[in-house]
Amino acid sequence: MTAHVIAVAVDCEDAETLAMFWREALGAPPPRRWRDADGLTYVQLDSQPVLVFQPVPERKAVKNRLHLDIAPASGSQADEVERLVGLGAKILDSADRHPWVVLADPEGNEFCVLSPR
């Protein structure tokens with residue numbers, strides 16, 4: 001028996017706002033919303049992979065232990081970084097010695113942008 005990943009869950013203070021950033025970043029369809037037994041509203045993007053934004057009371061405090069690596073569907077890595085910054089991301093590391101650029105989404109979650117695949 002094995003398991004498979006059904007979604008990547010992202011803790012956040014404002015699930016709606018963060019989901020909208022990632023919807024624009026990934027070109028995902030409109031989100032779905034659902035509530036848990038405690039009445040918290042989750043925002044889900046049915047992208048590849050599925051992303052679920054779950055509200056938590058605390059702010060992000062340390063570096064992610066898991067992050068997304070993304071690549072532009074068209075255009076260059078530099079163009080994609082510029083587009084994402086325009087959506088609200090911040091560049092954290094763009095060292096030439098690495099083939100990726102590290103960005104942070106509007107809540108500070110790190111992710112990497114690689115060249116087109």
Side-chain angles (χ1 to χ4, degrees):
M1 180 181 278
T2 63
H4 64 278
V5 175
I6 60 168
V8 174
V10 180
D11 289 356
C12 52
E13 291 182 281
D14 185 342
E16 191 69 37
T17 299
L18 197 58
M20 291 307 103
F21 168 83
W22 281 104
R23 178 181 181 209
E24 290 297 319
L26 301 173
R32 294 189 300 130
R33 291 162 187 84
W34 47 275
R35 289 182 181 257
D36 69 11
D38 296 320
L40 291 174
T41 299
Y42 294 69
V43 183
Q44 179 171 321
L45 294 179
D46 292 322
S47 55
Q48 285 296 333
V50 170
L51 298 177
V52 176
F53 299 89
Q54 57 187 29
V56 297
E58 67 276 353
R59 299 193 76 148
K60 181 181 174 294
V62 297
K63 184 180 182 301
N64 301 2
R65 295 293 302 257
L66 175 77
H67 69 268
L68 300 178
D69 285 346
I70 65 173
S74 63
S76 71
Q77 177 187 38
D79 291 340
E80 185 64 5
V81 168
E82 183 178 331
R83 184 181 77 85
L84 294 166
V85 168
L87 293 175
K90 291 184 173 87
I91 297 173
L92 300 180
D93 185 359
S94 60
D96 290 336
R97 70 183 194 280
H98 297 300
W100 56 79
V101 177
V102 181
L103 280 77
D105 71 18
E107 287 206 11
N109 301 300
E110 296 93 355
F111 65 99
C112 294
V113 179
L114 289 87
S115 58
R117 306 277 185 222

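None of these values were measured; they are calculated from a predicted model.
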Enquirer: May I ask whether V56 and V43 are part of the same hydrophobic cluster, defined by side-chain heavy atoms of I, L, V, M, F, W, Y residues being less than 4.5 angstrom apart, directly or through others?
Expert: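 No.
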Enquirer: What residue pairs, at least two apart or across chains, pass ring pair (Phe, Tyr, Trp, His ring centres under 6.0 Å) with a residue in residues 69-92?
Expert: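 Sorted pair list comes back empty.
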Enquirer: Pairs in or reaching into residues 57-93: which pass ring pair (Phe, Tyr, Trp, His ring centres under 6.0 Å), with residues at least two apart or in two chains?
Expert: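 Output for this query is empty, none listed.
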Enquirer: Please enumerate all residues that pass side chain to side chain contact (heavy atoms under 4.5 Å, CB included) together with P49, with sequence neighbours excluded.
Expert: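 Partners of P49 under the side chain to side chain contact (heavy atoms under 4.5 Å, CB included) test: V8, L51.
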Enquirer: Does anything in residues 71-91 form a ring pair (Phe, Tyr, Trp, His ring centres under 6.0 Å)? List the pairs, not counting sequence neighbours.
Expert: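 Non-adjacent pairs meeting ring pair (Phe, Tyr, Trp, His ring centres under 6.0 Å): zero.
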Enquirer: Once salt bridge (Lys or Arg N to Asp or Glu O under 4.0 Å) is applied, do any residues pair with E13, and if so which ones, sequence neighbours excluded?
Expert: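 Once residues adjacent in sequence are excluded, the partners of E13 under the salt bridge (Lys or Arg N to Asp or Glu O under 4.0 Å) criterion are R59.
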Enquirer: Kindly give the heavy-atom pair with the smallest separation between A104 and F111, and that separation in Å.
Expert: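 Answer, listing the atom of A104 first, then F111: C-CE2, 3.7 Å.
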Enquirer: Any side-chain heavy atom of P30 within less than 4.5 Å of one from R23?
Expert: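 In short, these two side chains touch, coming nearer than 4.5 Å.
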Enquirer: Which Ile, Leu, Val, Met, Phe, Trp or Tyr residues join V102 in one cluster when any pair of side-chain heavy atoms under 4.5 Å counts as a link?
Expert: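 L92, W100, L114, which link up through side-chain heavy atoms under 4.5 Å apart, make up the rest of the cluster.
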Enquirer: Sorted by first residue and then second, give each salt bridge (charged side-chain N to carboxylate O under 4.0 Å, His left out) pair with at least one member in residues 68-87; sequence neighbours left out.
Expert: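 Sorted result for residues 68-87: E80-R83.
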Enquirer: Looking only at non-hydrogen atoms, find the nearest pair between S115 and P72 and report the distance.
Expert: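 That would be C-CD, 4.1 Å.
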Enquirer: Where is the tightest heavy-atom contact between M20 and P31, given as atom of each residue plus distance?
Expert: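 That would be CE-CG, 3.3 Å.
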Enquirer: Return the set of residues passing side chain to side chain contact (heavy atoms under 4.5 Å, CB included) with T17 (not counting sequence neighbours), or none when no residue passes.
Expert: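 Scan of T17 (side chain to side chain contact (heavy atoms under 4.5 Å, CB included), adjacent residues dropped) gives D14.
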Enquirer: Working to the nearest 0.5 angstrom, can you tell me the gap between L18 CG and Q54 CD?
Expert: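 Those atoms lie 11.5 Å apart.
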Enquirer: List the residues meeting side chain to side chain contact (heavy atoms under 4.5 Å, CB included) with A7, not counting sequence neighbours, and say none if there are none.
Expert: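 With sequence neighbours excluded, A7 shows a side chain to side chain contact (heavy atoms under 4.5 Å, CB included) to V50, V52, given in chain and number order.
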Enquirer: Can you list everything that forms a ring-ring contact (aromatic ring centres under 6.0 Å, His included) with F21? Sequence neighbours excluded, please.
Expert: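 So F21 forms no ring-ring contact (aromatic ring centres under 6.0 Å, His included) with any residue.
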Enquirer: S76 and P116: which non-hydrogen atoms are nearest, and at how many Å?
Expert: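 Shortest heavy-atom separation between S76 and P116 comes out as CA-CG, 4.5 Å.
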Enquirer: Drop me the distance from L45's CG to E24's CD, to the nearest 0.5 angstrom.
Expert: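 Answer for the CG-CD pair, L45 versus E24, is 10.5 Å.
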Enquirer: Write out all pairs satisfying salt bridge (charged side-chain N to carboxylate O under 4.0 Å, His left out) with one or both partners inside residues 97-117, taking only residues at least two apart or from two chains.
Expert: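 Qualifying pairs, neighbours excluded: K60-E110.
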Enquirer: Should the heavy atoms of other residues, nucleotides or ligands under 6.0 Å from CD of E58 be counted, would the total exceed 12?
Expert: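 Above 12, so yes.
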Enquirer: Within the 4.5 Å heavy-atom criterion, are V10 and W22 side-chain neighbours or not?
Expert: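 No, side chains not in contact.
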Enquirer: Any pair with a residue in residues 25-43 that passes salt bridge (charged side-chain N to carboxylate O under 4.0 Å, His left out), sequence neighbours left out, goes on the list, sorted by first then second residue, please.
Expert: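 Found E16-R33, R32-D46.
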